[in-house]
Protein chains: 2
Amino acid sequence: MGDRDGTAVARHVASEYVDRLERRDWAGVEALLADDVVYELPQTRERIRGRAAFLRFNIEYPGDWHLRLRRVVADGRFAALWLDVHVGAEQQDACVWLELTGDGLISRVTDYWPEPYDPPPGRAHLVERW
Amino acid sequence: MGDRDGTAVARHVASEYVDRLERRDWAGVEALLADDVVYELPQTRERIRGRAAFLRFNIEYPGDWHLRLRRVVADGRFAALWLDVHVGAEQQDACVWLELTGDGLISRVTDYWPEPYDPPPGRAHLVERW
């Protein structure tokens with residue numbers, strides 16, 4: 001697959017990944033994943049290996065979670081997803097890095113779930129808050 | 001600029017952005033930025049407007065910080081940067097979203113600085129830790 005085709009596939013797969021998760025279309029999510037997909041959460045140093053465990057992780061994930069795609073950036077066999085996530089009344093952004101096989105299956109997912117924190121001192125003269 | 005050229009420019013600008021910051025090449029960083037660049041830190045709800053303030057923010061940023069590019073994903077006028085950041089003995093990953101003008105200048109930077117946290121209970125049967 002050329003870079004251009006690869007990018008189009010990655011962009012499509014990345015969007016479908018979010019859409020099918022949001023719809024709890026588990027068979028559809030499964031169809032996007034390589035059998036030996038690796039899922040990593042660097043903030044907690046957690047790793048999940050394999051499609052079955054990854055699906056179970058998502059199926060069992062607690063709370064009424066909803067995903068909205070803010071941006072997808074795709075480049076060859078890589079994609080980055082910027083998500084707006086709601087769990088009940090809570091809102092959080094997420095950053096997700098995808099890596100695809102040459103066949104367009106997701107082989108690696110790396111999730112970041114950045115949490116709010118207070119600004120450090122010393123820069124209030126440069127910033128506005130919202 | 002076509003999408004393909006745009007992507008090549010975005011990929012180059014994104015890499016240069018990290019490289020010039022790392023080298024404290026402030027004139028070089030300035031040359032990559034639109035005059036009215038907007039920099040946002042959603043975790044602290046901080047916003048900085050304009051090239052001058054954004055440069056000052058980086059110049060004044062405390063600590064012996066170093067940036068290593070783990071991945072750049074570029075797509076048209078967008079790019080996503082996955083960074084490995086060291087400040088003294090501390091290590092942290094960062095996720096950065098860039099938006100470029102049609103002229104290839106950075107018009108928007110959104111930084112996420114995800115911090116470590118403990119895994120929630122109930123999923124230890126699915127994960128390994130590292």
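Below, chains carry the letters A, B, ... as their sequence lines are ordered, and counting in each starts from 1.
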* Would you kindly confirm whether B:L67 and B:V72 end up in one hydrophobic cluster when ILVMFWY residues are joined by side chain heavy atoms under 4.5 Å apart? => yes
* Are B:I106 and B:V29 linked, directly or through other ILVMFWY residues, by side chains that come within less than 4.5 angstrom of each other? -> yes
* Contact leader toward chain A among B:G122, B:P119, B:C95, B:P42, where contacts are heavy-atom pairs under 4.5 Å -> B:P119
* To do: Could you grab the distance from atom CD of B:E40 to atom CD1 of B:I48, nearest 0.5 Å is fine?
  => 10.5 Å
* In Å and rounded to the nearest 0.5 Å, what is the CG to CG distance from A:D84 to A:D93? -> 6.0 Å
* Determine the sole option in A:R68, A:Q91, A:Q92 for which the side-chain contact (heavy atoms from CB on, under 4.5 Å) test with A:H86 is passed. => A:Q91
* Under 4.5 Å heavy-atom distance to chain A, tell me which part of B:Y39 shows up: side chain, backbone, both or neither. => neither
* Might you work through the side-chain contact (heavy atoms from CB on, under 4.5 Å) test for B:W97 and B:R108, ending with a clear yes or no? => CA-CA 8 Å; B:W97 302 89; B:R108 188 171 282 270; over 6 Å; no
* Asked: Which value, rounded to the nearest 0.5 Å, describes the distance between A:L105 atom CG and A:E99 atom CD?
  -> 13.0 Å
* **Hydrophobic cluster membership, B:V96 vs B:W65, 4.5 Å side-chain cutoff** => yes
* What are the residues of residues 49-58 of chain A, in order of number, with any heavy atom under 4.5 angstrom from a heavy atom of chain B? -> A:R49, A:A53, A:R56, A:F57
* To do: Considering only heavy atoms and a distance below 4.5 Å, find which of B:A74, B:A10, B:P62 pairs most often with chain A.
  => B:A74
* Asked: For B:V73, does its backbone N or O pair with a side-chain atom of A:D75 as donor and acceptor, under 3.5 Å?
  -> no
* Has A:R24 got more than 12 heavy atoms of other residues, nucleotides or ligands less than 6.0 Å from its CZ? -> yes
* **Under 3.5 Å donor-acceptor, B:T7 side chain and B:G76 backbone** => yes
* Can you say whether A:E128 sits under 4.5 Å from chain B via the side chain, the backbone, both, or neither, judging by heavy atoms? -> both
* **Interchain contact, B:A79 with chain A, by part (heavy-atom threshold 4.5 Å)** => backbone
* **Pairs of heavy atoms under 4.5 Å with chain A: top-ranked of B:W82, B:Y112, B:W113** => B:W82
* Asked: Do any of residues 11-22 of chain A have a heavy atom less than 4.5 Å from a heavy atom of chain B, and if so, which, in residue order?
  -> A:R11
* Asked: Mind checking whether B:V37 and A:W130 sit in one hydrophobic cluster, side chains of I, L, V, M, F, W, Y counted as touching below 4.5 Å?
  -> no
* Structure fact -> If one checks every heavy atom of A:R129 against chain B at 4.5 Å, the contacting part turns out to be both
* To do: For A:R77 and A:L100, indicate whether the former's side chain and the latter's backbone hold a donor-acceptor pair under 3.5 Å.
  => yes
* To do: Would you mind checking which part of B:E46 comes under 4.5 Å of any heavy atom in chain A, side chain (CB onward), backbone (N, CA, C, O), both or neither?
  => both
